[in-house]
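First the proteins, then the strands, lettered A, B, ... as listed; each starts at 1. The structure displayed is predicted, hence computed values, not measured ones.
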There are 2 protein chains.
Amino acid sequence: MDTTPTTCRKPRTDAARNRARILDTALRHFTERGAGTSLEAVAKEAGVGPATLYRHFPTREALLAAALETPAGELLAEREELRAVGDPDEGLRRWLLALERYLSTFTGLPAPVLAALNCDDSPLAMSCQELIGITDEFLATAQQGGTARPAVHGRDLFLAALLLAWTGGAPVDDDALPTLRRLMETGYSTR
Amino acid sequence: MDTTPTTCRKPRTDAARNRARILDTALRHFTERGAGTSLEAVAKEAGVGPATLYRHFPTREALLAAALETPAGELLAEREELRAVGDPDEGLRRWLLALERYLSTFTGLPAPVLAALNCDDSPLAMSCQELIGITDEFLATAQQGGTARPAVHGRDLFLAALLLAWTGGAPVDDDALPTLRRLMETGYSTR
DNA sequence: ACCTGAACACCGTTCAAGT
DNA sequence: ACCTGAACACCGTTCAAGT
């Protein structure tokens, strides 16, 4: 896990500072202008050359994954809370809501997440697999409790959350979305 | 409907030829490289300057809408066929499949369609409203037949088809998609 | 009325040169 | 080892000049 280079000398401090600055600026730009925002503008505002940004984050997805670390931590914290929920159906439902909210952290995030879903080398893919695994856990509990259909997989529900996040990014501003959400919920529920 | 300019003289023939060439090239590029393909490349291969392309199709969406005319015609033809289907549930289901296929005409088409869904001035929006209306008709028949829940709207099912087309564009290559489809179908069905 | 090609502004990415 | 700024290739969009 420790990717520290061979020798550690003075220059590492400004490298770390640059990395932090890039990450800070990127988080703000992603939040304000979406996941597709100009990386050149991020570098400029962070006060570094474009090549420096590329050195630290070789792809846009790497930068996205790094910027998502804090929200991901919050999501995992919420997962811990939800493990204590007694009703398995409520636990699953609230987990799916939290998942949808996480996938809505940046406008335009669902598209690269979908692309990463079948591309194992993407930095976003790892996080996807982890989240699908957690969804499987909540789902299994609900299935044991008899409130979720046996044939459904965690991956399906992850995809459903991703779809809702996608439409939320360009909001369908009438009753379509709630109904669609109900369409999906009644799809996995046995109630 | 006839948008012919005030006076018609000789130059109109080469304008029409240019328009046809642009449209022909665009259809091929959209099909091969997706809805986000370079318009500059389209203009170049069509043998016109970029400004000529913009004169005929002021926005990318205008060009998309024009390129979709033939597939849209086929979809409307299929609608006519499906009106003759006796079982209302089968009619609705086959219409939704046809809709999903139409929305998958070009890779990356679902994104601009979603954007157009709430933006009345887009050339794609008009076609959306029409398709939602048709979906409402099939849905109403199924609801009268008792095979679809009363609270569902045509817009919901249009959105569901759009979502399936979106994920199909970057295929989720295992069982997730069929199950998600079933999630949605069981969402509207009363069976 | 229509077309053309140049021009402008922007972006992603890479590379030689510095420290 | 790391950073820098220039450079390259590309794209969308607009505009003055032609016919």
Side-chain angles (χ1 to χ4, degrees), chain A residues 2-26 29-30 32-67 108 111-112 115 121-123, chain B residues 2-26 29-30 32-67 108 111-112 115 121-123:
Chain A
D2 185 8
T3 55
T4 310
T6 342
T7 45
C8 344
R9 298 284 296 280
K10 200 193 85 191
R12 226 191 51 189
T13 83
D14 76 324
R17 196 201 48 176
N18 275 341
R19 205 193 116 99
R21 278 223 270 239
I22 292 169
L23 210 41
D24 192 57
T25 311
H29 279 231
F30 283 148
E32 291 171 3
R33 316 200 202 192
T37 193
S38 158
L39 298 187
E40 194 191 10
V42 170
K44 194 168 294 181
E45 196 181 306
V48 303
T52 303
L53 188 148
Y54 276 84
R55 167 171 287 273
H56 285 284
F57 306 99
T59 65
R60 165 176 248 111
E61 273 158 6
L63 185 52
L64 273 173
D121 56 331
S122 161
Chain B
D2 185 9
T3 55
T4 310
T6 343
T7 45
C8 344
R9 297 284 298 279
K10 199 193 88 193
R12 224 191 52 191
T13 82
D14 75 324
R17 196 202 47 180
N18 276 341
R19 205 193 116 98
R21 278 222 271 238
I22 292 169
L23 211 42
D24 191 58
T25 311
H29 279 231
F30 283 147
E32 291 171 2
R33 315 202 204 189
T37 193
S38 158
L39 298 187
E40 193 190 9
V42 170
K44 195 167 293 181
E45 196 180 307
V48 301
T52 301
L53 187 148
Y54 276 84
R55 167 171 289 272
H56 285 286
F57 307 99
T59 66
R60 166 176 246 110
E61 272 157 6
L63 185 53
L64 274 173
D121 56 330
S122 161

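Taking the side chain as every heavy atom from C-beta outward, A:V42 and A:F30 never approach each other to under 4.5 Å.
Scanning both residues, A:F57 and A:A66, for their nearest heavy atoms gives CE2-CB, 3.7 Å. The two residues B:L23 and B:A67 come nearest to each other via the heavy atoms CD1-N, 3.9 Å. Considering every non-hydrogen atom in both A:P50 and A:A43, the closest pair reads CA-CB, 4.1 Å.
The CG atom of A:L53 sits 14 Å away from the C1' atom of D:dC2 (whole-angstrom rounding). Atom CZ in A:R17 sits about 13 Å away from atom C1' in D:dT4, given to the nearest Å. When rounded to the nearest whole Å, the span between NZ of B:K44 and C1' of C:dT4 equals 14 Å. Atom CZ in B:R55 sits about 13 Å away from atom C1' in D:dG18, given to the nearest Å.
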Item to complete: Mind running side chain to side chain contact (heavy atoms under 4.5 Å, CB included) on B:L53 and B:N18 for me, showing each step along the way?
Response: CA-CA 9 Å; B:L53 187 148; B:N18 276 341; over 6 Å; no
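Note that the OG1 atom of A:T37 and the CG atom of A:L39 stand 7.5 Å from one another [nearest 0.5 Å]. Taken to the nearest 0.5 Å, the CZ atom of A:R19 stands 12.5 Å off from the CG atom of A:D24.
Taking only side-chain nitrogens and oxygens, B:H56 never comes nearer than 4.0 Å to OP1 or OP2 of C:dC2. At C:dC3, one or more side-chain N or O atoms of B:N18 fall inside 4.0 Å of OP1 or OP2 (strictly under the cut-off).
Among pairs with a residue in residues 45-65 of chain A, those fulfilling side-chain hydrogen bond (donor to acceptor under 3.5 Å, both in side chains) read A:R28-A:E45, A:H29-A:E45, A:E61-A:S122, at least two apart in sequence or across chains.
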Sort me out a list of protein N/O and nucleotides 12-16 of chain D N/O pairs below 3.5 Å, or just none if empty.
residue: D:dG12; atom: OP1; partner: B:L39; partner atom: N; Å: 3.3
residue: D:dG12; atom: OP2; partner: B:S38; partner atom: OG; Å: 3.4
residue: D:dG12; atom: OP2; partner: B:L39; partner atom: N; Å: 3.1
residue: D:dG12; atom: OP2; partner: B:E40; partner atom: N; Å: 3.0
residue: D:dT13; atom: OP2; partner: B:Y54; partner atom: OH; Å: 2.3
residue: D:dT13; atom: O5'; partner: B:Y54; partner atom: OH; Å: 3.4

Fill in: Strand DNA chain D in bracket notation, Watson-Crick/G-U under 3.5 Å with | for pairs to another chain
||.|||||...|||||.||
